[in-house]
Amino acid sequence: MYETRVFADDYCGVFRKQEDFLECLKSIGRNSSWQRKSARNLRLVAITSGSKVEEEMKERYADEGLDEEIITDTIVNTGLLLKVRNQYYPVRNCAIKSILDRAGISGAGLRRVEKSVYARILNDCLKAAKGEALLRISEGKVSAVLGGDCHDYAVLDMEQVFLHTVDYLTENFKGCRYVEGFYEHDIVSAVWQLTGEDALLDAYRDELALHGRTAEEMVPMVKVTTSDTGSGGANIYPMLVYGKGCTTISLGSPLRLGHRNGSTLSEFDA
């Protein structure tokens, strides 16, 4: 099953059942961790097929009970390892932006140089980096290298964000029905339909009539997205959906809680 390759950089899970979606998040949570390191102690190392580094990494992963294909997938994608003192971690595609942020550099030109040169440039910049870095290790790879000081990235557990969402929607919307959920390494989202909410639709009846639509053809829905790689906070998108093409009308701006300044799940609940 493709789901067994959740470590792969291009993994994308689509879940038609809420229990499967939540179980995916729980499983990934069990196979993930956060580590706080000094940013200036981080280094990048190029890894190529057939190299001694590949052989040593595969032996290590086999000894630790991890899939050796994690290393192969890394070579095919970023071709980079993150070295933290004497420990090496394969780097996932979605981690690159956050690593560049820690190094304080950017530019499309970096993508055109050889991996060994790329690593050397970033390492020179990382030597001058200040503060702590917060590493997200997930499914055998580094998925993000975020700001690790107290005023920087605030961890909001992805599984808990969606469990809290389910509890709230179930309690407050009796017609709540899970539609589908999506998991990619850089962002996760799920959608719920809120049927039987006549009072909610009444609030938009007059405005809809002005645009030639009726409240009866609308279905209230809500989408929640979050990430543990710095791609976005915990965001709530209320909307109305209608027609065979599922045309969407956003109900104002999304409600956003950023991963910063000590944000908590209590703030998400509020």
Side-chain angles (χ1 to χ4, degrees), residues 2 4-12 28 31-148 152-153 184-187 227-231:
Y2 186 58
T4 62
R5 288 179 52 83
V6 67
F7 61 79
D9 277 24
D10 63 357
Y11 175 76
C12 177
I28 289 171
N31 296 323
S32 303
S33 64
W34 294 96
Q35 296 186 22
R36 204 174 299 274
K37 305 291 183 179
S38 172
R40 67 178 59 190
N41 289 333
L42 305 180
R43 297 291 183 271
L44 288 173
V45 176
I47 179 172
T48 57
S49 180
S51 65
K52 184 172 176 27
V53 176
E54 178 193 20
E55 180 183 345
E56 291 174 348
M57 287 296 296
K58 285 190 172 182
E59 287 180 1
R60 189 192 115 197
Y61 268 47
D63 290 343
E64 295 177 0
L66 295 170
D67 196 324
E68 294 177 39
E69 286 300 306
I70 294 173
I71 308 304
T72 302
D73 188 71
T74 301
I75 292 172
V76 170
N77 288 283
T78 64
L80 294 169
L81 303 175
L82 183 70
K83 180 183 179 184
V84 187
R85 296 196 181 277
N86 295 320
Q87 191 76 8
Y88 292 84
Y89 302 94
V91 174
R92 199 183 302 285
N93 273 332
C94 61
I96 295 298
K97 181 181 182 302
S98 58
I99 292 174
L100 291 173
D101 289 344
R102 297 284 73 71
I105 59 175
S106 63
L110 284 171
R111 294 194 294 269
R112 295 193 290 268
V113 302
E114 293 182 5
K115 282 295 189 296
S116 58
V117 176
Y118 183 96
R120 186 167 68 248
I121 293 170
L122 264 67
N123 288 339
D124 286 342
C125 295
L126 286 168
K127 291 174 185 177
K130 297 180 180 179
E132 297 287 303
L134 183 64
L135 277 57
R136 179 59 169 173
I137 314 295
S138 180
E139 296 292 338
K141 291 189 180 188
V142 173
S143 289
V145 180
L146 304 158
D152 288 329
Y153 192 86
E184 294 180 283
H185 290 296
D186 61 339
I187 198 159
S227 168
D228 58 11
T229 64
S231 295

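All heavy atoms count here, side chains included; hydrogens, waters and symmetry mates do not. Numbers here are sequence positions counted from 1. Note that the structure is a prediction, hence the values are computed from the model and not measured.
Applying the side chain to side chain donor-acceptor pair (under 3.5 Å) test to pairs two or more places apart or on separate chains, those with a residue in residues 40-55 are K52-E56, E54-K58. Applying the side chain to side chain donor-acceptor pair (under 3.5 Å) definition to pairs two or more places apart or across chains, those involving residues 82-92 are Q35-Y89, R92-S143, R92-H185.
Residues T72 and E68 have side chains not in contact (no heavy-atom distance under 4.5 Å, counting atoms from C-beta outward). Between L110 and I105, the closest side-chain pair of non-hydrogen atoms falls below 4.5 Å. In this structure the side chain of T229 never reaches within 4.5 angstrom of the side chain of S98, judged on heavy atoms. Annotation: side chain of S33 is in contact with side chain of I137 (closest heavy-atom distance under 4.5 Å). Between Y61 and P90 the shortest side-chain heavy-atom distance falls below 4.5 Å. Proximity of L146 to W34: side-chain heavy atoms (C-beta onward) are separated by under 4.5 Å at one or more points.
The shortest non-hydrogen separation linking N123 to L42 is OD1-O, 4.4 Å. The nearest pair of heavy atoms linking L80 to T74 is O-CG2, 3.4 Å. Between A119 and A46, the shortest heavy-atom distance links the atoms CB-N, 4.5 Å. Of all the heavy atoms in G147 and R102, the pair that sits closest is N-NH1, 3.2 Å.
The salt bridge (charged side-chain N to carboxylate O under 4.0 Å, His left out) check on R136 picks up D228, with sequence neighbours excluded.
Note: D152 CG to E132 CD = 10.0 Å, rounded to the nearest 0.5 Å. Here D63 contributes atom CG and E59 contributes atom CD; the two are 7.0 Å apart, rounded to the nearest 0.5 Å. Note that NZ of K115 and CD1 of I47 are 12.0 Å apart. Values are rounded to the nearest 0.5 Å. Put simply, CG on L44 and CG on L82 are 6.0 Å apart, with the number rounded to the nearest 0.5 Å.
Looking at D9, its side chain does come within 3.5 Å of a backbone N or O of N93 through a donor-acceptor pair. Distance alone, capped at 3.5 Å, places no donor-acceptor pair between the D73 side chain and the E69 backbone.
Considering I99, L134, L126 in turn, I99 is the only one that fulfils the side chain to side chain contact (heavy atoms under 4.5 Å, CB included) rule with V145.
A salt bridge does not link D124 with R120: every distance from a Lys NZ or Arg NE/NH1/NH2 to an Asp or Glu carboxylate oxygen is 4.0 Å or more.
Few gaps surround CD on E64; more than 12 heavy atoms of other groups in view lie less than 6.0 Å from it.
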